[in-house]
K.L.:
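Let me give you the structure first, and then I'll get to my questions.
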Amino acid sequence: MTDIRNRKADHIELALKPMHQSQQTAGFDRLCFEPNPLPQIALNDIELQSEFLGQLVSAPFLIGAMTGGCENGELINQHLAEAAEASQIPLALGSQRAALEQHKQQDIRRWAPSAIILSNLGATQLQQSGLDLARKAVESVQANALIIHLNPLQELIQPNGDRDWNLVLEAIENCVSKLGVPIIVKEVGSGIGPTSAKKLMDVGVNWIEVAGRGGTSWASIELERNGSERERDIAAPFIDWGMDTVELLPAVHSACPSLGLIGSGGVRHGLDIARCIRLGATMTALAYPFLAPALRSTEAVIDKISVLQEQLRWAMFLTGSKSLSELRHAALQQKLTI
Ligand code: FNR
C-alpha cells in the first residue's frame with residue numbers, strides 16, 4: 001500500500017520535469033488553421049459553453065486525471081476541485097486504487113459539490129477486483145462517470161507492473177452494463193487507436209479519451225524509476241511507443257463517428273484545444289499543464305483555466321468561428337510541399 005502512495009508521489013515529482021515530456025510532438029504544429037482576417041464577429045460574442053455528460057460546462061476541456069491517493073495528492077485535489085467548481089470545468093481524478101484499498105475518505109464533494117467529477121481506476125484493477133471496486137470508486141466521490149485507464153506499456157516498464165491483461169475487455173463490458181454511470185476509457189500517453197476504439201464501442205463504451213503520444217511520457221517516467229539495467233535495456237526501443245494525438249483523433253472519429261471523443265495527450269494551450277475540436281473531439285483534457293498550478297493554489301488553477309478559455313476564444317475569433325460547431329468546420333491551411 002505504502003508502495004502505491006510512494007509511487008504516486010514519485011509520479012508527481014517526475015512528471016514535473018520537462019525531460020519527461022515526449023520527445024515526439026503530439027503533431028499539433030502540423031495542423032494549421034487558415035487565417036481569417038475577416039472574422040465578421042465580435043470576440044465577446046463567442047460562445048464556449050458546451051454540454052458534457054448532460055451538464056453544461058463553461059468550455060470544452062477538462063482537468064485530466066492525475067491524483068487519487070497520496071499526501072501531496074490531497075492538496076492538489078483540493079486546489080483542482082475548488083477551481084473546477086468555480087470555473088464550471090470537469091475534474092478527472094487520478095487512480096483511486098490506493099485510497100480505496102486503505103478505506104480512506106475521499107470527500108472531494110466538499111470542495112466541488114456541483115462540478116462534474118470523474119472517478120478513475122486502472123483496467124487491470126477491474127479485472128482483479130471487478131465491479132465492486134468500480135462501484136466503490138464512483139460512490140466514494142459521487143462521480144458523474146468512471147474513467148478506466150489502459151496503460152499496458154507503463155505497466156511493463158513499472159517495477160512489479162501488471163503483465164496479465166487477459167479479460168480486461170470483459171471487465172470493462174461488465175462495468176458498462178452494470179455500473180449505472182457512463183464509462184470513459186482512456187490511455188495515458190500512447191493513444192487509443194481506431195481498432196481498439198471499435199472493440200470498446202462494441203462492448204457499449206460511449207466515450208474514449210485518446211491520450212495520444214506527444215505529452216507526458218509515462219515510458220520515460222517509469223524508466224527513470226526502474227533500477228534494473230536489464231529491464232531498462234528491454235524498454236529502450238519503446239520510449240516513443242504510440243500514435244500522435246493529431247493522427248488518432250481523425251482516425252478514431254472516422255472509424256467510430258458515434259463515439260464521444262476526448263482529445264488529449266500533449267494538449268498545451270487553447271489553440272491545441274481548438275485543433276482537437278476541429279479534428280472531431282467533443283471535449284479535450286489536459287493533465288501536465290495543470291500540475292504546477294495545482295501544487296500552488298486554487299487561484300493558480302483558476303487562472304490557468306481562464307487563460308486556456310481566452311486562448312480558445314482567440315483561436316475561434318481568428319478563424320471566424322462564433323460557436324464550437326462553426327469551429328468544427330473551420331478552414332485548414334494546406335501546408336506547402338515545395
Ligand atoms: C497522470 N495520468 C493519469 N491517468 C490516469 O488515468 N490515472 C492516473 O492516476 C494518472 N496519473 C497521472 C499523474 C500525473 C502527475 C500526470 C501528469 C498524469 C495521465 C494523464 O491523465 C494523461 O493521460 C497524460 O498525462 C497525457 O496528458 P498530458 O499530460 O500530456 O496533458
Side-chain angles (χ1 to χ4, degrees), residues 4-5 7-28 61-70 72-73 75-77 79-80 90-100 106 118-126 137 143 145-155 158 161-162 183-192 207-222 224-225 242-246 248 262-270 272-273 276 281 283-295 304 308:
I4 303 177
R5 290 169 78 85
R7 187 168 80 216
K8 290 304 288 182
D10 273 7
H11 283 165
I12 291 169
E13 193 187 319
L14 294 173
L16 280 167
K17 294 187 184 172
M19 64 180 279
H20 293 307
Q21 291 297 297
S22 170
Q23 299 309 304
Q24 305 281 318
T25 76
F28 287 115
F61 62 85
L62 57 92
I63 300 171
M66 287 187 284
T67 48
C70 67
N72 212 356
L75 196 59
I76 292 177
N77 275 341
H79 295 157
L80 293 175
L91 167 62
L93 297 176
S95 175
Q96 292 166 265
R97 177 188 177 183
L100 288 172
Q106 301 175 72
L118 309 173
S119 271
N120 188 304
L121 285 172
T124 50
Q125 279 107 62
L126 294 174
L146 171 69
I147 292 185
I148 299 174
H149 67 260
L150 307 175
N151 60 342
L153 175 62
Q154 183 184 9
E155 294 290 341
Q158 190 170 280
D162 288 323
I183 305 291
I184 300 169
V185 180
K186 76 186 278 284
E187 233 282 343
V188 298
S190 299
I192 297 179
W207 284 92
I208 299 275
E209 182 185 325
V210 293
R213 178 181 64 180
T216 306
S217 167
W218 286 96
S220 173
I221 289 174
E222 296 298 355
E224 184 169 335
R225 292 183 67 245
M243 272 172 79
D244 299 352
T245 304
V246 160
L248 285 167
I262 303 175
S264 71
V267 178
R268 292 294 170 261
H269 42 62
D272 286 346
I273 295 172
C276 286
M283 283 291 281
T284 52
L286 305 86
Y288 176 76
F290 282 111
L291 186 54
L295 282 162
K304 183 76 202 174
L308 291 168

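Excluded from the calculations below are hydrogen atoms, water molecules and symmetry mates; all remaining heavy atoms, backbone and side chain alike, are included. Both ligands and their constituent atoms are indexed starting at 1 by order of listing.
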K.L.:
I'd like the name of whichever of M66, H149, K186, R213 reaches closest to atom 4 (N) of ligand 1 through any heavy atom.
P.N.:
K186
K.L.:
Ligand 1 and V267, any nitrogen or oxygen pair closer than 3.5 angstrom?
P.N.:
no
K.L.:
Report yes if A65 has an N/O atom closer than 3.5 Å to an N/O atom of ligand 1; otherwise report no.
P.N.:
yes
K.L.:
Please identify each residue that fulfils side-chain hydrogen bond (donor to acceptor under 3.5 Å, both in side chains) with S119, with sequence neighbours left out.
P.N.:
Q96
K.L.:
Output the list of atoms in ligand 1 that are nearer than 4.0 Å to some heavy atom of S95, sorted by atom number.
P.N.:
7 (N), 8 (C), 9 (O)
K.L.:
Can you name the closest pair of heavy atoms from A137 and L121 and give their distance?
P.N.:
CB-CD1, 3.8 Å
K.L.:
From I63 CD1 over to L291 CG, what is the distance, rounded to the nearest 0.5 angstrom?
P.N.:
12.0 Å
K.L.:
Identify, by atom number and element, the atoms of ligand 1 in contact range of A15, meaning under 4.0 Å from any of its heavy atoms.
P.N.:
15 (C), 17 (C)
K.L.:
Provide the number and element of each atom of ligand 1 under 4.0 Å from a heavy atom of G94.
P.N.:
8 (C), 9 (O)
K.L.:
Starting from atom 18 (C) of ligand 1, which protein heavy atom do you reach first, and at what distance in Å?
P.N.:
W218 CZ2, 3.2 Å
K.L.:
Could you go through Q23 and R213, starting from their C-alpha distance and side-chain angles, then the distance that decides it, and tell me whether this counts as side chain to side chain donor-acceptor pair (under 3.5 Å)?
P.N.:
CA-CA 9 Å; Q23 299 309 304; R213 178 181 64 180; over 6 Å; no
K.L.:
Judging by distance only, is a nitrogen or oxygen of N120 under 3.5 angstrom from one on ligand 1?
P.N.:
yes
K.L.:
A65 and N120: which non-hydrogen atoms are nearest, and at how many Å?
P.N.:
CB-ND2, 3.3 Å
K.L.:
So do I192 and L248 actually touch side chain to side chain, heavy atoms under 4.5 Å?
P.N.:
no
K.L.:
Can you find an N/O atom of H11 closer than 3.5 Å to an N/O atom of ligand 1?
P.N.:
no
K.L.:
I need the nearest protein heavy-atom contact for atom 24 (C) of ligand 1: residue, atom name and distance, please.
P.N.:
V188 O, 3.4 Å
K.L.:
Could a heavy atom of Q21 be found less than 4.0 Å from some atom of ligand 1?
P.N.:
no
K.L.:
Sequence neighbours left out, what passes side-chain hydrogen bond (donor to acceptor under 3.5 Å, both in side chains) with E222? Give chain and number order.
P.N.:
H11, Q154, R225
K.L.:
Compare all side-chain heavy atoms of R7 with those of Q158 and state whether any distance is below 4.5 angstrom.
P.N.:
yes
K.L.:
Taking only heavy atoms of R268 into account, list the atoms of ligand 1 that are under 4.0 Å away from them.
P.N.:
28 (P), 29 (O), 30 (O), 31 (O)
K.L.:
Closest approach of E187 and V210, non-hydrogen atoms and distance?
P.N.:
CB-O, 3.6 Å
K.L.:
Give yes if a backbone or side-chain nitrogen or oxygen of T216 is under 3.5 Å from a nitrogen or oxygen of ligand 1, and no if not.
P.N.:
yes
K.L.:
Do we see a donor-acceptor contact under 3.5 Å between the side chains of H20 and S217?
P.N.:
no
K.L.:
Is G266 close to ligand 1, meaning an N/O of one under 3.5 Å from an N/O of the other?
P.N.:
yes
K.L.:
Which of the atoms of ligand 1 are close to G215, meaning less than 4.0 Å from one of its heavy atoms?
P.N.:
30 (O)
K.L.:
Number the atoms of ligand 1 from 1 as they appear, then name those within less than 4.0 Å of a heavy atom of E187, with their elements.
P.N.:
23 (O)
K.L.:
Looking only at heavy atoms, what is the nearest atom pair of A26 and G265, with distance?
P.N.:
CB-O, 3.5 Å
K.L.:
If you measure every N/O of Y288 against every N/O of ligand 1, is any gap under 3.5 Å?
P.N.:
yes
